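Working notes, beginning with the structure itself.
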Amino acid sequence: SAGNLDRVELAINQWLAILHMNANDDFIVADRKARAGSELAIVCFEKALRYPNTAAIYLEQLENVAALKLGEDTIHGTHPARLLARYHALQGDEQKVKNVLRGYIKQNLDLLSDDDPLNDWQGYNGLAMHFMFAGHDADALAAWSLITPDDATGNTENLTMSDTTERKLEGPLRDICDGACGIYWTFANNFYLCKECDYIKFDQRCLDNLRNGTMKLKICNKDHEMLHIPAYDPVERRRIGDGNVKVGEEILSVKEWLQRIRKGWGIQSAEEFRKS
């Protein structure tokens, strides 16, 4: 009913009513509030882009939803803030992008600098999603490339392309194609992410169905821009080298890359903070 203004206003009012509910530590209410926030944020984002003359009204509403910080401890909870950052990115305002997302980038960098290597994939996952909405596709793809599979011995040194083709490999992800085809991914390996929806991903076939209008599910939008996460290539991974990452056409050590992110976003490490 997006073309019916009365229906849109009714939906907005319903979402606002949900957002003002008291969760009282009720997980279900908190979850519904986060979903309502995402739905409202998408409408405000799209209208701010479509109607520049009244963009300020919708942008203010988007800022208000982002400020609620609904479930910000998860990627899903940061969706309104990511949309706000994407709006500023599309307007070419890099400083506002960083102001919106700096705290979330820091949270994920902190995951990568703690003493638990088992949560590193979550840090890379968080960086990847926030960088994508910030318009930093090279950094997003770099972060995705570091969510790799492990063989039985915990390394990828002897993996071949046939291993990935036969789906023998396992990684830390638990991501399912939102086209309901049953395909899932446990590491970064040939899927498409929507740059507007909240963590919506497709394999090639489901994306084609979305684009040509044959998808039965009412999900995403055929006009939304997608980021393609390339197929995992163990030969390329070995060429890049253990402890390194490819950022655009540049190969850096992961440590150097993370330091560059901190500098570019004006984020101090815990050690730097203690010394200051």
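Throughout, numbering of the chain's residues begins at 1 and tracks the sequence. In this text, all values refer to a predicted model and were calculated from it rather than measured experimentally. Below, each value reflects all heavy atoms present in this structure, side chains not excepted, and no hydrogens, waters or symmetry copies.
In Arg205, the CZ atom is not crowded: 12 or fewer heavy atoms of neighbouring residues, nucleotides or ligands sit closer than 6.0 Å. Shown here is Asp116, whose CG atom has more than 12 heavy atoms of other residues, nucleotides or ligands within 6.0 Å. Residue Leu10 qualifies as enclosed at atom CG: its count of foreign heavy atoms under 6.0 Å is above 12.
Looking at Leu127 and His136, their side chains never come closer than 4.5 Å, going by heavy atoms from C-beta outward. In this structure the side chain of Asp175 reaches within 4.5 angstrom of the side chain of Lys201, judged on heavy atoms. Looking at Ile57 and Lys47, their side chains never come closer than 4.5 Å, going by heavy atoms from C-beta outward.
Taking all atoms of both residues into account, the shortest heavy-atom contact from Ala89 to Val97 is N-CG2, 3.4 Å. Closest heavy-atom contact between Gly37 and Pro80: O-CG, 3.9 Å. Contact record, Leu59 with Ala48: N-CB, 4.5 Å, taken as the closest heavy-atom pair. Here the closest heavy-atom approach between residue Ser253 and residue Val245 is recorded as O-CG1, 4.4 Å. Nearest heavy-atom pair, Thr186 versus Leu169, reported as atom, atom and distance to 0.1 Å: OG1-O, 3.9 Å. The minimum heavy-atom distance linking Lys195 with Arg86 is given by the pair O-CD, 2.9 Å.
Between His130 and Trp265, the distance from one ring center to the other does not fall under 6.0 angstrom.
Summarising the geometry, atom CD belonging to Gln61 is positioned 7.0 Å from atom CD1 belonging to Ile12; distances are rounded to the nearest 0.5 Å. Here the CG-CG distance, from Leu112 to Asp120, works out to 5.0 Å after rounding to the nearest 0.5 Å.
Tested against Phe191, the residues Tyr184, Phe202, Tyr199, Trp144 include a single ring-ring contact (aromatic ring centres under 6.0 Å, His included) partner, Trp144.
Between the side chain of Lys106 and the backbone N or O of Ile267 there is no donor-acceptor pair closer than 3.5 Å. Between the side chain of Arg237 and the backbone N or O of Gly241, at least one donor-acceptor pair lies under 3.5 Å.
Linking Ile, Leu, Val, Met, Phe, Trp and Tyr residues whenever their side-chain heavy atoms come within less than 4.5 Å leaves Leu40 and Ile200 in two separate clusters. At a threshold of 4.5 Å between side-chain heavy atoms, the hydrophobic network of Ile, Leu, Val, Met, Phe, Trp and Tyr places Leu193 and Leu173 in one connected group. Residues Leu90 and Tyr58 do not share a hydrophobic cluster, defined by chaining ILVMFWY side chains whose heavy atoms lie under 4.5 Å apart. Hydrophobic clustering (side-chain heavy atoms under 4.5 Å, transitive across Ile, Leu, Val, Met, Phe, Trp, Tyr) keeps Leu83 apart from Ile18.
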Derivation of the side chain to side chain donor-acceptor pair (under 3.5 Å) call for Glu60 and Asn64: CA-CA 6 Å; Glu60 181 180 9; Asn64 290 338; 4.7 Å; no
Derivation and outcome, side-chain contact (heavy atoms from CB on, under 4.5 Å), residues Asn190 and Asp203: CA-CA 7 Å; Asn190 196 25; Asp203 74 332; over 6 Å; no
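For the residue pair Glu9 / Asn13, no side-chain donor-acceptor distance below 3.5 Å is found, with atom types taken as modelled. Asp139 and Trp257 form a side-chain donor-acceptor contact under 3.5 Å, judged by distance and modelled atom types alone.
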